[in-house]
Structure formats: C-alpha cells, structure tokens
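Contents: one structure, followed by commentary.
Quantities reported herein were computed from a predicted structural model and do not represent experimental measurements. Letters A, B, ... are given to chains in the order of the sequence lines, protein chains preceding strands, and every chain is numbered from 1.
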Amino acid sequence: MGTISRAIALVDFDYFFAQCEELRHPEYRGLPIAVCMLTGPETGAVASANYVARGFGVKSGMPVSKAKALAPNLVILPVDISYYSQISSAIMQSIRERFKKVEQASIDEAYIDLGEIDYDVAEDIGKEIKNIVKSAANIRCTVGIGPNKLIAKMACDRAKPDGLKVVRPDEVESFLESSRLDQIPYIGTKTAERLASMGIRTVSDARRLSVDDLIRVFGEKKGIMIFNFVRGIDERKVEVKKERKELEKFVSLKGRSPEEALEEAARRLFERLNGMLFQEVGVIVIFEDFTVRTKSRTLKHATASFDELISNARSLLGAILNESEGKKVRRVAVKVSRFTKGEGSLLDFI
DNA sequence: TTCATGACCTC
DNA sequence: CCTTGTGTCATGAA
C-alpha cells in the first residue's frame, strides 16, 4: 500500500508539432524534422524538432539556417497550427471524458487533478493517461505526477520523451535537491543569472535566502513564489475553465507599409474574435533592431465592431510611429482584451 | 485605474 | 549567422 495524498498529473505531448507532422508524413519518420515559422523560403525559426533532429543539436528558437547546418538531411516544414489544434482537441476531449478536473495549459499540455489518491494507483492512472492519448490520436506523451502542479511539471520535464514519472510526497525533497535552479518553472535565464550573481547556484543555496531578501530582489509575487517553489510548495489549483484574457495577432511587414500590415493583423484578429465583446485595444510595434513599443487604450464601452477596432488601432500605430521617427518597423500586432460575455465566443483555445 | 514595459513560457 | 509568434502577469509611474 502506497501513500494516500493529493496528486496532480501533467500530461505533455512529446515534441508536439513535429510529432503531428510525423503522423501525416510517415515517409519522414527516422529523418530529422524541424517545424518552422518561416518568413521567407530560407529564413525563420524552429518551432519544434523531433528527437532525430535534436540529436544533431537542433532546438526550438534556433534560426533555420543554423538548424540546416547542424542536420544535413533536415526536413523543414511550415507550422500548421490548425492541423495541430484538431489533434490537440481530439486528445483533450478524450481526457475530459475520463477525468473531471482537467485544465488545458497550452496546445500540448494539461493538468489533471487526481484528488486524494494512493500514489501506486496514481502511477497506474499515469499509464492510463498515456494510453488515452495514444488511442485518441496515436500521439506519444509524457506524464508527470506529484503533490502539486510544480512537482508534476518538473517530473514531466525530467521524464521526456515517452515517459512517466511519479514523485511521491516523501520524495519531493530529494527530487528538488537533484534539480538545477533553472529547471524550476519561472526561474528562467534572467532570474537564474540574477541569483548566480548573488552566489546562489543550487536549490539548497536558494533555501538559505529569506522571503524578505527574495522580495527585495525580485518583488513581492516573484519573491514569495521562489521562496515556496524551492521548498516544493505550490498551492495553485487545477482550474477547469480558464478564460482567455487577451488575444493578439502579429504580422510581418514583408515590404508593405506598417499601416497595411496593421490592417491585415486587425482583420485576422477580428475573424478569431467571433463576435466577442472587447473593451481595450492595443498595438505593438517591433522595430528592425528588435526594440518593442506598445500602446493601448481603454474604450468607453465594450464593443464587437471592426470599425472601432481598426480606427483605434490606426491611431495608436500613428502615435507610436510619431514618437519613433524614422525607425524601421519589422512587425506590428493588434491586441484586444477586457472581454465581456457577449453573444460571441472565442474560437478554439490557444 | 490606466498605460507601458519587461520577464517568462515554449511549441 | 539575432528569430517568430502568442499570452499572462507583475511592477512602476502617471
């Protein structure tokens, strides 16, 4: 008989975009595959790479040119989000049919609250989850199980690909101590560097800092979060219905004027809105030197009108361009937020 | 409260 | 060989 305690599972579909492509292109199996966001025929960045490609050192975020240099026979495919969304929805639906408390965290991740449970049983459920994902769409995944979201996530990261890892409550301590600081969610490069500059390099080092010290350096929320996370404490709930808070659409200029690109962004954003009411409009401009400028405006009333969207977006863009004379624009985005329950509904999650 | 910006996540 | 696309949250100033 194992421990009976609350357990949360995180299921994460392995190298999801690339695995979806392997599904419909069996002929590429065994070859290195990179699914890329392409701006031109030869330029862009890797969004997802299969493990054959990763064996050559190909990683997400890497420029396509570099990926090609690393992996000679690299198969380069463009991102096809709507195809991956269909597969994701089918899987998520199957998971929801079996479990009550499911929180979809992204297109390829979901938390499942297993409640108070014997951890040996939880382990079997982990295997069952893997089977559900396999049956629903023939997709391989990794499942992490722990006493909270944090440990479930870290267990999952540790077990990829095609893995299952259970961290029991009494194993949390040693599990954390065997983890690097930057393997803790929300401790990214910047935070890790900041900690390193203070001489903090391991989880044990970080535990020696007081909450007050952490708050002084990282601010209240983040300071408290780091304090708790390095101790394996995480009270976040599995939230079954998460509502989207904002939606934005980026567009590259590709020779057009910023105004023309803005119009396309607004149109495509509006399509996805599907009649949803919004009360805030924003514009984001990314310049050639990668600096970012944003402007946003709260409207008097919530609206679902395209005319209001585009006219506000235009004036915000004008204001930004005015204040940044002559700088060349790379991309523009239109953003809407402050949704209110209207007739409409947002199309698909993510 | 509004607005701007930055950090982080990660396919 | 600097890159593409979203979304959330925190913070600080106005």
Side-chain angles (χ1 to χ4, degrees), chain A residues 12-21 33-40 42-50 54 59-70 77-81 83-85 87-88 105-109 153 156-157 160 182-194 215 218-226 236 239 242-254 265 268-269 272 279-299 316 319-320 323 330-339 346 348-350:
Chain A
D12 180 307
F13 314 150
D14 298 332
Y15 61 100
F16 186 51
F17 294 180
Q19 198 186 166
C20 289
E21 295 296 348
I33 300 175
V35 177
C36 304
M37 304 175 176
L38 299 168
T39 40
E42 297 289 286
T43 54
V46 177
S48 169
N50 69 355
R54 289 183 200 200
K59 287 193 211 144
S60 322
M62 183 178 273
V64 172
S65 54
K66 187 173 179 186
K68 274 169 57 176
L70 288 168
L77 300 169
V79 170
D80 180 0
I81 285 286
Y83 174 59
Y84 316 141
S85 296
I87 295 176
S88 171
S106 70
I107 194 169
D108 72 336
E109 270 189 358
K153 168 85 175 151
C156 181
D157 287 344
K160 287 176 188 180
D182 63 2
Q183 292 176 322
I184 294 176
Y186 302 107
I187 300 189
T189 336
K190 302 272 180 179
T191 310
E193 275 170 18
R194 193 90 175 75
I215 289 175
F218 296 102
E220 183 162 19
K221 283 283 177 177
K222 186 145 192 185
I224 292 173
M225 194 198 68
I226 294 174
R236 289 173 299 164
E239 293 182 60
K242 273 214 305 190
E243 284 178 2
R244 183 191 290 282
K245 306 211 165 115
E246 60 184 61
L247 194 64
E248 60 200 341
K249 188 75 208 163
F250 280 85
V251 157
S252 302
L253 289 213
K254 290 194 258 175
R268 292 175 47 182
L269 176 68
R272 290 205 45 192
Q279 205 176 347
E280 188 175 12
V281 176
V283 167
I284 304 158
V285 176
I286 299 178
F287 294 95
E288 284 292 342
D289 62 358
F290 286 98
T291 54
V292 181
R293 289 274 283 131
T294 66
K295 275 198 187 293
S296 61
R297 169 183 299 169
T298 301
L299 310 179
L316 291 167
I320 292 175
E323 294 166 20
R330 174 175 293 253
R331 294 158 60 211
V332 296
V334 179
K335 176 175 102 165
V336 290
S337 50
R338 314 240 336 241
F339 298 120
L346 286 169
D348 68 347
F349 185 89
I350 261 277

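Across all strands shown, A/R338 has heavy atoms under 4.0 Å from sugar-phosphate atoms exclusively, and none from any base.
Considering only residues two or more places apart in sequence or on other chains, A/P78 meets the side chain to side chain contact (heavy atoms under 4.5 Å, CB included) condition with A/L38. Residues satisfying the side chain to side chain contact (heavy atoms under 4.5 Å, CB included) test with A/S296, not counting sequence neighbours, are A/E280. With sequence neighbours excluded, no residue forms a ring-ring contact (aromatic ring centres under 6.0 Å, His included) with A/F218. By the salt bridge (Lys or Arg N to Asp or Glu O under 4.0 Å) test, A/K222 is found to be paired with no residue, residues two or more places apart in sequence or in another chain being considered. Taking the side chain to side chain donor-acceptor pair (under 3.5 Å) definition, one finds that A/D182 meets it with A/R180, sequence neighbours left out.
Residue A/R331 has its side chain nearest to C/dT4 when only C/dG7, B/dC3, C/dT4 are considered.
Distance, A/K68 NZ to C/dT3 P: 14 Å, rounded to whole Å.
Between A/S252 and C/dG5 there is a side-chain polar atom (N or O) within less than 4.0 angstrom of OP1 or OP2. The side chain of A/R244 places no N or O atom within less than 4.0 Å of a non-bridging phosphate oxygen (OP1 or OP2) of C/dT6.
Heavy-atom distances to DNA chain C give each of A/R268 and A/P63 a nearest nucleotide, and the one nearer the 5′ end belongs to A/P63. Across the interface with DNA chain C, nearest-nucleotide mapping of A/K249 and A/G219 shows A/K249 to be the residue nearer the 5′ end.
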Treat primed atoms plus P, OP1 and OP2 as sugar-phosphate and everything else as base, then score nucleotides 4-11 of chain B 5' to 3': B for base contact with protein heavy atoms under 4.0 Å, S for sugar-phosphate contact only, - for none. SB-SSSSB
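Each of A/V332, A/I286, A/L269 was scored for a side chain to side chain contact (heavy atoms under 4.5 Å, CB included) with A/F250, with one residue passing: A/I286.
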